[in-house]
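Residues: numbered from 1 along the sequence shown. In what follows, every heavy atom counts, from backbone to side chain, and hydrogens, waters and symmetry copies are set aside.
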Amino acid sequence: MADTLIVGGGTAGCVLAERLSADPAHTVRLLEAGALWAGLDAMPAELMDAAALPIGPEAEWLWRYEVVLADDPPVPGTILRGRLIGGSGAVNGGYFVRGTVADFDAWTRVLGGSDVWSFASVLPLYCRIERDLDFGDQPWHGNRGPIPVRRALDPAPVSAAFAQACLAAGFAEVPDLNAPGSGEGVGAVPCNCDQGRRIGPGVGYLLPSLSRPNLTVAAETVVTRIRFDGTRAVGVECVRDGETGIEWADRVVLCAGAIESAALLLRSGVGDPRQLRALGIPVVHPAPVGAWFSDHPEVGISYLLDVAEPPTVPLETVLEVDDVEIRPYAVSFTPGVHRLGVTLMRPRSAGVLRLRSAESDAAPLIDYRYLTAEQDRARLRDAVATAGGLLRRMNARPVDPIPEPGDVGAWLRANLATSQHLSGTCRMGRENDAAAVVDEMCRVHGVIGLSVVDLSVVPVPLGRGPQATTMMIAEKAAAHLTS
């Protein structure tokens, strides 16, 4: 029986397993639904190539979910998650921008002023993660961590053209997007890659620690439910090689991501009692699991620009304007056609996740409810107008005309997508917070021996992409769990 049983070997799970198993007296067992490659030489080449997005229809290492992005009428979408050691951090574009001071100020307010998740308290953890190859000598950066971070030294022509257009439009240049208090403007995207290789949490954290005798990893193992003795979590039910079994532990930590961690809690009896009883699930503890989540709505503008397309990371440069991020993707998702992503980073609209069935192989219902709030629609309308002006400065030609601001409503829906940054299904908050599922130490309220450590716990919309923050959450949780 393990001291700590970790469910999910994704971004957070890899970090947590490495940090907890650094204590030889602490036994750690990690369960992952997808594959594990024991070394870099055994990994498929596309998983290591920072210029590749290994998420095509033939990819075997993905969870795929059909979702509803907006209602009236429904706007369907598909979201993807990594199903392998390293999780989405093993298949994503390498965007490694930290959360902002404003994000953690908002997080602190949710916790009633507690400074446990203030920017000052999490900055050392961000530094511990990274080996920043550009700014590692700065006091707000790290130069010894397991994850290399670097920005494009020779950006692709489309990235350079976008940056020049932003400067010509009067936007500032931001040398380091990960500097505390970095303001609005255009800057190079920090990426977790080095020498053309994607270095995610599986490669950077877990693989070097696999030889530890107190750490064991079971891949291709699907956890179906949490086992409780009363309100104490004592293990999990799982399926491996078609056989059902039970893994016992003193403590269970869910690191399965904002979708699967929430679904696992619900299937195990932690959730809205009315919804659980309607599905025949015995209630262990009432909790608002899945009642709120956030993600970054992205409106895509396709355009033509005759420039070379060298192999590179998908996103080298971004423009940040208030709560909007404009992304000139450096790779073409459709041959010959470029894409500009206009993304709302702090949306007011919130989504809901719930079970459709008690069966473990039934994907949950995921309703994003994008564009519900008028403020979101207004901000995106303004941002699309800004993006259109930048395209004109680039001498780019939109594939479809961008309508005037007053006529853009239907166009927004027709071009609506998601950034695939779903978070907050198991929100953090104080015990008397009706919206909270976990406390500030990531422990599930109302039960014993059970924690959630991944993007599920983030209680506010993050103003940046989440990969670096997910690793930071795991670093902080590791310190709590070993104290």
Side-chain angles (χ1 to χ4, degrees), residues 53-83 88 91-93 256-263 266 275 279 289-302 314 325 327 329 332-334 337 339-345 347-357 359-377 379-381 383-384 387 398-400 402-403 407-425 455-456 461 465-466:
L53 276 177
I55 57 174
E58 74 288 347
E60 300 176 355
W61 41 70
L62 296 174
W63 299 92
R64 293 180 172 86
Y65 303 92
E66 300 303 316
V67 303
V68 178
L69 297 177
D71 299 312
D72 300 325
V75 178
T78 302
I79 55 175
L80 308 174
R81 290 293 181 273
R83 181 173 175 158
S88 296
V91 298
N92 65 13
I259 297 173
E260 290 298 323
S261 287
L266 292 169
Q275 293 182 22
L279 296 174
V289 176
W292 180 94
F293 72 74
S294 182
D295 201 337
H296 301 136
E298 179 171 326
V299 176
I301 303 175
S302 297
E325 188 172 86
R327 306 167 175 168
Y329 290 101
S332 294
F333 304 111
T334 301
V337 179
R339 177 186 172 93
L340 194 65
V342 182
T343 310
L344 186 59
M345 303 305 287
R348 302 289 184 89
S349 306
V352 175
L353 178 149
R354 58 194 184 279
L355 294 184
R356 70 178 77 225
S357 166
E359 298 302 317
S360 59
D361 58 353
L365 292 162
I366 303 173
D367 186 358
Y368 273 75
R369 301 182 179 178
Y370 278 157
L371 306 180
T372 303
E374 168 56 29
Q375 298 99 318
D376 292 354
R377 298 193 296 273
R379 288 294 296 125
L380 280 171
R381 285 194 295 266
V384 166
V399 173
D400 297 312
I402 300 172
D407 302 320
V408 79
W411 185 89
L412 287 179
R413 293 174 58 86
N415 292 277
L416 184 63
T418 176
S419 298
Q420 315 259 0
H421 296 163
L422 196 152
S423 68
T425 51
L455 274 180
S456 304

Looking at [X] and [Y], what are the two nearest heavy atoms and their distance?
X    : Y    : value
G56  : R64  : O-NH2, 2.8 Å
A417 : R339 : CB-NH2, 3.9 Å
P74  : P76  : O-CD, 3.6 Å
V342 : A387 : CG2-CB, 3.7 Å
P461 : P347 : CG-O, 3.8 Å
V352 : R369 : CG2-NH1, 3.4 Å

Tell me, please, which residues at least two apart from [X] pass side-chain hydrogen bond (donor to acceptor under 3.5 Å, both in side chains).
X    : value
E58  : none
R354 : none
N415 : none

Can you measure from [atom1] ([X]) to [atom2] ([Y]) and round to the nearest 0.5 angstrom?
X    : Y    : atom1 : atom2 : value
E374 : S349 : CD    : OG    : 10.0 Å
I366 : T418 : CD1   : OG1   : 10.0 Å
T372 : R377 : OG1   : CZ    : 7.5 Å
T78  : E66  : OG1   : CD    : 3.5 Å
W411 : L380 : CH2   : CG    : 9.5 Å
L355 : Q275 : CG    : CD    : 8.0 Å

Is there a side-chain contact between [X] and [Y] (heavy atoms, below 4.5 Å)?
X    : Y    : value
Y368 : V67  : yes
I259 : I79  : yes
Y370 : L344 : no
L279 : L266 : no
H421 : L455 : no
L416 : P297 : yes
P314 : L53  : yes

Any donor-acceptor pair under 3.5 Å from [X] side chain to [Y] backbone:
X    : Y    : value
R381 : G409 : no
S88  : R81  : no
T425 : F293 : no
D376 : R348 : yes
S332 : V337 : yes
T343 : M345 : no

- Task: Evaluate the ring planes of W63 and Y65, with Trp represented by its six-membered ring, and classify them as parallel (under 30°), tilted (30 to 60°) or perpendicular (over 60°).
- Result: parallel
Checking [X] now: which residues fulfil salt bridge (charged side-chain N to carboxylate O under 4.0 Å, His left out) with it, not counting sequence neighbours?
X    : value
E260 : none
R413 : none
R327 : E298, E325

- Query: Are more than 12 heavy atoms from other residues, nucleotides or ligands located less than 6.0 Å from atom CD of E60?
  - Reply: no
- Check against side chain to side chain contact (heavy atoms under 4.5 Å, CB included), R83 and L62: CA-CA 5 Å; R83 181 173 175 158; L62 296 174; 5.6 Å; no
